[in-house]
Amino acid sequence: MEDRILFFVESEWPLLLVAGVLMVMIFKGPLTRRAVGVQEVDPVAAVQLINHEDAVIIDVREQNEWSQGHLPGARHIPLGDLSKSMQSLEKHRGHHVICQCASGMRSMRAAASLKKAGFDRIYSLKGGISAWRSAGLPVEK
């Protein structure tokens, strides 16, 4: 039995490697989110935070994306400029902060950076502005 398993592993190592890489790619996002302690919120929950908790929205998309429309009242800080803008964000340290991008990937990285910098109430908009628009919520230009 062990000989057959060893033979399989030796002969099918490329397939096993691809399977391993796919598993890492599938589970990396949820494990990373849990490890850094950032919550994802859907558009409905984000509206609740904005309306009832006076949440601050940080849009981390690039300028050309921002120009096509953004969440009402959002601050534009591209992900690449976030570390340079930390001092200006200090006044929001005690507030709920929702990071937002096109699909939720960059905003999770931004939220993790803010969490690492000591911000406690950090969220990432699940699905980004795409989910926001799909929910029929307003955008401004």
Side-chain angles (χ1 to χ4, degrees), residues 1-2 4-141:
M1 179 72 168
E2 285 182 27
R4 283 194 273 172
I5 293 172
L6 187 58
F7 177 75
F8 176 77
V9 170
E10 287 177 351
S11 62
E12 300 298 334
W13 68 266
L15 178 66
L16 294 172
L17 180 65
V18 168
V21 168
L22 287 173
M23 294 297 282
V24 167
M25 291 173 65
I26 290 169
F27 292 112
K28 182 183 178 219
L31 293 175
T32 301
R33 285 190 288 277
R34 183 170 288 160
V36 298
V38 173
Q39 293 182 32
E40 282 187 306
V41 293
D42 63 14
V44 173
V47 168
Q48 294 296 318
L49 287 168
I50 294 163
N51 290 341
H52 299 293
E53 301 294 338
D54 200 27
V56 176
I57 306 162
I58 300 174
D59 189 322
V60 297
R61 298 176 300 152
E62 295 300 319
Q63 180 63 45
N64 62 329
E65 296 171 291
W66 166 266
S67 300
Q68 295 173 4
H70 49 84
L71 277 63
R75 287 191 58 182
H76 182 228
I77 304 173
L79 182 59
D81 297 338
L82 188 63
S83 60
K84 294 183 276 187
S85 302
M86 285 293 184
Q87 191 169 5
S88 70
L89 294 172
E90 278 298 317
K91 61 185 173 195
H92 301 298
R93 185 176 288 278
H95 293 91
H96 295 270
V97 177
I98 302 169
C99 295
Q100 173 263 313
C101 66
S103 65
M105 300 301 288
R106 287 174 285 178
S107 62
M108 183 55 71
R109 290 199 327 247
S113 294
L114 290 170
K115 186 77 172 180
K116 187 176 179 180
F119 288 76
D120 292 330
R121 300 172 179 176
I122 303 299
Y123 308 90
S124 175
L125 181 61
K126 186 176 185 175
I129 196 164
S130 298
W132 184 270
R133 285 185 166 132
S134 293
L137 296 167
V139 295
E140 61 185 29
K141 289 189 177 189

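Worth knowing before you read on, the calculation uses all heavy atoms, side chains too, and leaves out hydrogens, waters and symmetry mates.
Within the model, atoms CG of Leu89 and CD1 of Ile77 stand 4.0 Å from one another, a figure rounded to the nearest 0.5 Å. Interatomic distance, SG of Cys99 versus CZ of Arg106, reported as 12.0 Å (0.5 Å rounding). For the atom pair Glu40 CD and Ile98 CD1, the distance stands at 12.5 Å (nearest 0.5 Å). Separating the CD atom in Glu65 from the SG atom in Cys101 is a distance of 8.0 Å, to the nearest 0.5 Å.
Screening Met108, Gln100, Gln39, Met105 against Ser124 for a side-chain contact (heavy atoms from CB on, under 4.5 Å) leaves a single residue, Met108.
Evaluation of the ring pair (Phe, Tyr, Trp, His ring centres under 6.0 Å) rule for Trp132 yields no partner, not counting sequence neighbours. Annotation: side-chain hydrogen bond (donor to acceptor under 3.5 Å, both in side chains) contacts of Lys141 (sequence neighbours excluded): none. Listed by chain and number, the residues in a salt bridge (charged side-chain N to carboxylate O under 4.0 Å, His left out) with Glu90 are Arg93 (sequence neighbours excluded). Scanning for side-chain hydrogen bond (donor to acceptor under 3.5 Å, both in side chains) contacts around Ser67 gives Gln63, with sequence neighbours left out.
With contacts defined as side-chain heavy-atom distances shorter than 4.5 Å, the pair Arg75/Ser88 qualifies. Looking at heavy atoms from C-beta onward, Asp59 lies out of side-chain contact with Leu71 at the 4.5 angstrom threshold. Between Arg61 and Ile129 the shortest side-chain heavy-atom distance falls below 4.5 Å.
Looking only at distances, no side-chain donor or acceptor of Arg121 sits under 3.5 Å from a matching main-chain atom of Val97. A distance-only check finds no donor-acceptor pair linking the side chain of Ser107 to the backbone of Ser103 [under 3.5 Å].
Heavy atoms of other residues, nucleotides or ligands lying less than 6.0 angstrom from CD of Gln87 number 12 at most.
Evaluation of the ring-ring contact (aromatic ring centres under 6.0 Å, His included) test over residues 74-116, restricted to residues two or more places apart or in two chains, returns Trp66-His76, His92-His95, His96-Tyr123.
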For residues 41-50, run the donor-acceptor check on the side chains, cut-off 3.5 Å, and write out each pair with its distance to 0.1 Å, sequence neighbours left out.
unit_1	atom_1	unit_2	atom_2	d
Asp42	OD1	Val44	N	3.3
Asp42	OD1	Ala45	N	2.8
Gln48	OE1	His52	NE2	3.2

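Scanning all heavy atoms of the two residues, the minimum distance from Lys126 to Ala131 falls at O-CB, 3.4 Å.
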* To do: Using the side chain to side chain contact (heavy atoms under 4.5 Å, CB included) rule, take Glu62 and Leu79 through it: C-alpha gap first, then chi angles, then the decisive distance, then the call.
  => CA-CA 8 Å; Glu62 295 300 319; Leu79 182 59; 5.5 Å; no
